[in-house]
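Read through the structure below, which is laid out as structure tokens, and then see the notes.
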Amino acid sequence: MDFDLPDELQELQATVRRLAQDKVKPRAREIDETGEYPQDLFEIFRDAGLLGLCIPTEYGGAGAGILGLTIAIEEVAKYSNTAALMLLLTRLPTGPVMIAGSEEQKKQYLPGIADGSLRAGFGLSEPQAGSDVMGMRTKAVQDGDDWVLNGTKCWMSGVVQADWYTVFAKTSADVTARKHDAITAFIVDRSLPGVSVGSTDRKMGVRGVDTGELLLDNVRVPSSKVIGEVGGFQLAMQGLNSMRPIVAARGIGLAEGALMYATEYVQQREAFTKTIADFQGIQWEIAKLAVDIEAARLLTYRAAWLADRGQFTKEWVPYLSMSKYFATELAVNASNVALQLLGAAGYMKDHLTELYYRDAKQLTIVEGTSQVQLGLIARGVLDRDLWWD
Ligand SMILES: Cc1cc2nc3c(=O)[nH]c(=O)nc-3n(C[C@H](O)[C@H](O)[C@H](O)COP(=O)(O)OP(=O)(O)OC[C@H]3O[C@@H](n4cnc5c(N)ncnc54)[C@H](O)[C@@H]3O)c2cc1C
């Protein structure tokens, strides 16, 4: 067993750490205030080669895998979860293409993500179907060599900026069918007639990258844009399973950033003739978060390592879900404790703690809520995928 990151990933970590301190940290508050897409950060990430971290080298990426992207996101999320989301979006919609796409699809859609000339979004959720994916109503009907898509996707991150979308739709005759083979994944180009962006959401946090609706009105998608097989719903699940450490990294980075911020504050804030940091009650809060951060990192790096080995099928799900569950709940807790440690100052926009607090909460909701993750972990134990005997 070796707990050291390989040399190239240590170098990546050091590089992204510097970039996050120099370029992301100074922009975090402004991005939140204006809610405007930080195109400057996108270009900085592009120039640093970070947009292609998880894209294989044969398709123009760095081939650093899920672990490489996880490490980069952890660094960036110390200061801005919006910036972390921009990096995450290089994997969420491309995951199904990398896992099951045709060679033609990989050549057409992956290099553009790596070089920043294309952006993509991931369309699974619908107004009536979030956790209950099988409840989706977006329908695809075959017509000659095309599929005709109709429906509405919602809460899609990056929907406004995306050039193409990975969209899941019911391909069964009965749109209410709840069998897994009823759902198929498609690549939908933004430029196709009938594709439009609907309303965008007014969010509590992670402002700067819009979430919103994707409207599909009689969109004709060629059969060559089916990802994997018709009825290949497992794709959605495998794509999401392999994403767990990447979302977890957003939580870990946020928790690290919030704890470091609050620690610096309590070491200089005086009260009762000491500094706040001198009180044992405060020290224990810091210590408990430090333990949880390191536990989350171990769970998450292992999950990323598993995912890079292709171990994201059912028997590995509990290990992947644990990282997402633990790290994102940690982010909520850490941001809450950090804000409390600053007292009134922490509640004001003069400090980053209120931003960490608002940004953290969506992490326990996106890409499978905490309750969904707990269900998956429990299923792993009940089915003996996770067993210690
Ligand atoms: C900021 C943000 C960005 C997002 N980006 C995307 C995106 O890019 N693409 C996309 O497709 N979606 C996206 N989503 C949507 C997200 O994936 C869904 O919100 C999530 O899957 C939960 O679905 P829901 O909101 O409909 O909640 P619901 O499914 O309605 O759940 C409501 C509550 O009930 C709980 N619950 C539901 N079922 C169970 C159960 N069986 N057992 C116990 N508890 C349960 C949930 O945990 C939750 O607490 C985004 C959401 C947010 C907030």
Side-chain angles (χ1 to χ4, degrees), residues 31-32 35 37 77 80-96 113 119-138 149 151-170 178 183 185-188 190 197-216 227 233 235-237 239-241 243-244 246-248 250-251 254 321 324-325 328-329 331-332 355-379 382:
I31 294 167
D32 176 64
Y37 183 80
S80 167
N81 234 272
T82 300
L85 174 58
M86 290 163 74
L87 290 183
L88 176 143
L89 284 173
T90 63
R91 178 59 170 68
L92 180 61
T94 59
I113 298 293
R119 279 172 258 213
F122 184 80
L124 188 63
S125 304
E126 297 183 8
Q128 79 296 335
S131 307
D132 179 19
V133 174
M134 297 309 300
M136 74 170 60
R137 300 269 167 76
T138 295
L149 271 64
T152 299
K153 295 291 173 181
C154 66
W155 306 314
M156 188 196 285
S157 301
V159 65
V160 175
Q161 290 79 29
D163 302 286
W164 60 272
Y165 306 96
T166 292
V167 170
F168 294 85
K170 285 270 177 75
R178 297 188 62 85
I183 294 179
F186 297 87
I187 296 174
V188 176
R190 169 79 169 267
V197 174
S199 63
T200 52
D201 302 301
R202 295 186 304 134
K203 286 188 292 184
M204 163 178 172
V206 198
R207 286 161 47 75
V209 172
D210 290 310
T211 70
E213 289 178 324
L214 181 71
L215 310 179
L216 304 162
I227 308 174
F233 168 78
L235 264 188
M237 290 301 102
L240 287 172
N241 293 345
M243 282 298 297
R244 305 299 188 216
I246 296 174
V247 193
R250 295 175 70 190
L254 189 152
S321 287
K324 197 275 177 179
Y325 167 73
T328 58
E329 289 290 339
V332 172
L355 177 57
Y356 287 127
Y357 189 73
R358 285 186 288 113
D359 277 358
K361 189 58 211 162
Q362 49 98 34
L363 294 171
T364 62
I365 298 169
V366 295
E367 294 186 43
T369 63
S370 287
Q371 290 73 26
V372 166
Q373 305 305 330
L374 287 173
L376 292 168
I377 296 163
R379 177 49 50 204
L382 294 170

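Order of listing sets the numbers, starting from 1, for every ligand and every atom in it. Note that the numbering runs from 1 along the sequence shown for the chain.
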Subject >> Main-chain N/O of Glu367 paired to Arg244 side chain as donor or acceptor, under 3.5 Å >> reply: yes

Original post:
Who's the nearest protein heavy-atom neighbour of atom 50 (C) of ligand 1, and how far?
Top reply: Trp155 O, 3.4 Å

**OP:** Run through Ile365, Thr364, Thr369 and flag the one making a side chain to side chain contact (heavy atoms under 4.5 Å, CB included) with Thr328.
**Re:** Thr364

Original post:
With no hydrogens and no angle check, is any side-chain donor or acceptor of Asp359 less than 3.5 Å from a backbone partner on Val206?
Top reply: yes

**OP:** Applying ring pair (Phe, Tyr, Trp, His ring centres under 6.0 Å), run through Phe168 and Phe233 and close with a yes or a no.
**Re:** CA-CA 8 Å; Phe168 294 85; Phe233 168 78; 7.6 Å; no

Original post:
For atom 42 (N) of ligand 1, is some protein heavy-atom partner under 4.0 Å away?
Top reply: no

**OP:** Output the list of atoms in ligand 1 that are nearer than 4.0 Å to some heavy atom of Ser131, sorted by atom number.
**Re:** 21 (O), 22 (C), 23 (O), 28 (P), 29 (O), 31 (O), 37 (C), 38 (N)

Original post:
With atoms numbered from 1 as shown, which atoms in ligand 1 lie under 4.0 angstrom from a non-hydrogen atom of Leu124?
Top reply: 11 (O)

Subject >> ligand 1 atoms in contact with Phe122 (distance to a heavy atom under 4.0 Å) >> reply: 7 (C), 8 (O), 9 (N), 10 (C), 11 (O)

**OP:** Quick one: look up the protein heavy atom nearest atom 49 (O) of ligand 1 and list residue, atom name and how far away it is.
**Re:** Gln371 OE1, 3.4 Å

**OP:** Applying salt bridge (Lys or Arg N to Asp or Glu O under 4.0 Å), name anything that partners Glu329, two or more places apart in sequence or on another chain.
**Re:** none

Original post:
Does some non-hydrogen atom of the protein lie less than 4.0 angstrom from atom 1 (C) of ligand 1?
Top reply: yes

Original post:
Is Thr211 touching ligand 1 with its side chain, its backbone, both, or neither, if touching means heavy atoms under 4.0 Å apart?
Top reply: side chain

Original post:
Is there at least one protein heavy-atom neighbour under 4.0 Å from atom 33 (C) of ligand 1?
Top reply: no

Original post:
Between Thr200 and Asp210, does any side-chain donor sit less than 3.5 Å from a side-chain acceptor?
Top reply: no

**OP:** Using side-chain hydrogen bond (donor to acceptor under 3.5 Å, both in side chains) as the criterion, list what pairs up with Thr138, not counting sequence neighbours.
**Re:** Glu126

Original post:
Applying a 4.0 Å heavy-atom criterion (strictly less than), which segment of Thr369 is in contact with ligand 1: side chain, backbone, both, or neither?
Top reply: side chain

**OP:** May I ask you to identify the nearest protein heavy atom to atom 21 (O) of ligand 1, giving residue, atom name and distance to one decimal place in Å?
**Re:** Gly130 C, 3.8 Å

Subject >> Proximity to ligand 1 by part of Glu367, non-hydrogen separation under 4.0 Å >> reply: backbone

Original post:
Looking only at heavy atoms of Val366, does any of them come nearer than 4.0 Å to an atom of ligand 1?
Top reply: yes

Original post:
Side chains of Leu216 and Thr152: closer than 4.5 Å at any heavy-atom pair?
Top reply: no

